[in-house]
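What you are looking at is a predicted structure, and each value in this text was computed from that prediction instead of being measured. Side chains included, hydrogens not; waters and symmetry mates left out as well; all remaining heavy atoms used.
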Amino acid sequence: MIGYGPCFHMTEIIFDPKAPRKARQWKQIVDRDGNDVDWHKVFEGYVSAVDFPSALFYQEQMQAFPDAKVILTIRDPHKWYASARETILRNRHNFKSFPVNVGIWLVGLADLTDLVMNYGRLRCCTDAHDMDKMTEEGSVRRFNEWVEEVKRTVQPVDKLLVFEVSDGWEPLCRFLDVPVPPVPFPRVNDRDEFTTRQGNYMRLLTAIGWAAVVSAAGALAGCVWLVGHGIRKMSK
């Protein structure tokens with residue numbers, strides 16, 4: 001829309017046909033804490049990047065792409081915490097529960113699940129490595145520390161835009177030196193949309209898991225019947 005696409009987003013890892021490979025790639029990046037990464041290869045075919053997990057390694061990407069600009073999105077940290085509780089944290093444990101875990105294994109998204117489940121041990125805005133122990137006070141403090149850290153790190157200062165999405169197109173387009181699109185500023189991936197999509201995703205994985213279990217149980221029952229039938233014939 002403003003000439004900076006394709007843009008790498010978390011959804012690229014989740015919904016891309018090559019998702020298992022991309023999730024594995026990012027798990028390796030996280031395990032190496034962003035060291036010794038060929039960022040040009042990671043973002044091959046992309047013009048920009050936003051969201052988790054790429055934003056965690058903005059310093060490494062600044063070194064790899066020295067002409068790149070950085071956009072730091074901010075919001076009320078207490079509202080951020082409440083939103084995180086109702087979205088990314090709400091169904092974390094379902095990823096490890098039966099039969100969702102079976103569905104995840106079958107579709108090859110185990111590495112993606114590991115990224116999501118271990119979000120708290122990364123460089124993110126939380127006060128606890130165990131995300132179940134996050135507190136509002138500590139997380140808000142870490143949120144504010146992260147904002148100040150980015151402001152100090154990105155130099156020169158004209159390479160950084162501190163941006164609230166409620167400000168709309170004008171400051172963003174001015175910073176990127178592009179025309180303001182003749183359409184309203186988009187509103188996507190809000191709490192309701194995220195919750196709906198996550199619910200659909202969990203139902204799909206549940207169905208896949210149960211289908212696999214029922215199929216395996218049927219196959220096992222068939223094997224038991226064949227063995228029993230063979231034993232009965234041999235005993236006659």
Side-chain angles (χ1 to χ4, degrees), residues 1-75 80 83 87-88 108-109 111-112 115-116 119 122-125 143 146-147 149-190 193-194 197-198 201:
M1 192 175 294
I2 57 176
Y4 279 83
C7 179
F8 185 91
H9 187 274
M10 179 64 173
T11 54
E12 298 291 310
I13 302 178
I14 298 174
F15 299 113
D16 191 278
K18 299 177 181 178
R21 179 183 64 80
K22 287 186 177 181
R24 190 174 306 114
Q25 179 187 50
W26 276 99
K27 183 176 181 298
Q28 292 170 351
I29 291 171
V30 168
D31 289 342
R32 293 199 297 265
D33 198 28
N35 296 313
D36 301 319
V37 176
D38 185 346
W39 292 105
H40 289 269
K41 184 176 181 180
V42 171
F43 294 117
E44 185 176 1
Y46 295 95
V47 177
S48 56
V50 298
D51 197 38
F52 172 86
S54 61
L56 302 178
F57 302 100
Y58 75 96
Q59 295 186 54
E60 290 81 358
Q61 292 166 55
M62 286 173 59
Q63 294 177 3
F65 306 99
D67 295 328
K69 293 184 175 182
V70 178
I71 300 170
L72 172 64
T73 54
I74 60 172
R75 62 184 299 190
W80 163 80
S83 177
T87 54
I88 61 174
L109 292 180
D111 289 321
L112 173 62
L115 277 176
V116 174
Y119 193 95
L122 308 178
R123 312 171 182 184
C124 58
C125 301
F143 182 102
W146 174 269
V147 169
E149 174 192 310
V150 174
K151 289 179 179 179
R152 289 192 307 268
T153 302
V154 180
Q155 298 293 332
V157 293
D158 60 2
K159 292 181 64 174
L160 175 67
L161 172 66
V162 180
F163 179 65
E164 290 195 53
V165 294
S166 59
D167 292 337
W169 285 121
E170 283 74 13
L172 179 63
C173 293
R174 185 168 57 249
F175 177 68
L176 297 175
D177 194 24
V178 297
V180 174
V183 294
F185 192 82
R187 178 181 174 83
V188 295
N189 205 35
D190 60 15
E193 182 180 339
F194 186 98
R197 186 172 62 247
Q198 190 178 58
Y201 193 52

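- Taking all atoms of both residues into account, the shortest heavy-atom contact from A49 to Q61 is CB-OE1, 4.5 Å.
- Within the model, atoms CG of L161 and NZ of K69 stand 9.0 Å from one another, a figure rounded to the nearest 0.5 Å.
- Summarising the local packing, CG of D177 is surrounded by 12 or fewer heavy atoms from other residues, nucleotides or ligands at distances under 6.0 Å.
- How far NZ of K159 is from CZ of F175: 9.0 Å, rounded to the nearest 0.5 Å.
- Here the closest heavy-atom approach between residue M10 and residue P53 is recorded as SD-CD, 3.9 Å.
- Remark: F163 CZ to L72 CG distance equals 11.5 Å, nearest 0.5 Å.
- Atom NE2 of H40 and atom CZ of F43 lie 10.5 Å apart (nearest 0.5 Å).
- Residues V180 and W169 come closest through the heavy atom pair CG1-CB, 3.6 Å.
- Within a 6.0 Å sphere centred on CD of E44, heavy atoms belonging to other residues, nucleotides or ligands number 12 at most.
- Counting heavy atoms from C-beta on, the side chains of Q155 and V157 come closer than 4.5 Å.
- Of all heavy-atom pairs between G34 and E60, the closest is O-CG, 3.6 Å.
- Here the options are V42, N35, V30, the test is side-chain contact (heavy atoms from CB on, under 4.5 Å), and the partner is F57; only V30 passes.
- Taking CG from D51 and OG1 from T73, the interatomic distance works out to 9.0 Å, rounded to the nearest 0.5 Å.
- Nearest heavy-atom pair, V47 versus G5, reported as atom, atom and distance to 0.1 Å: CG2-O, 3.2 Å.
- A ring-centre distance under 6.0 Å is found for Y58 and W146.
- Atom CG in D38 sits 9.5 Å away from atom CD in Q25 (nearest 0.5 Å).
- Pairing each heavy atom of I29 with each of W39, the nearest pair is CG2-CH2, 3.8 Å.
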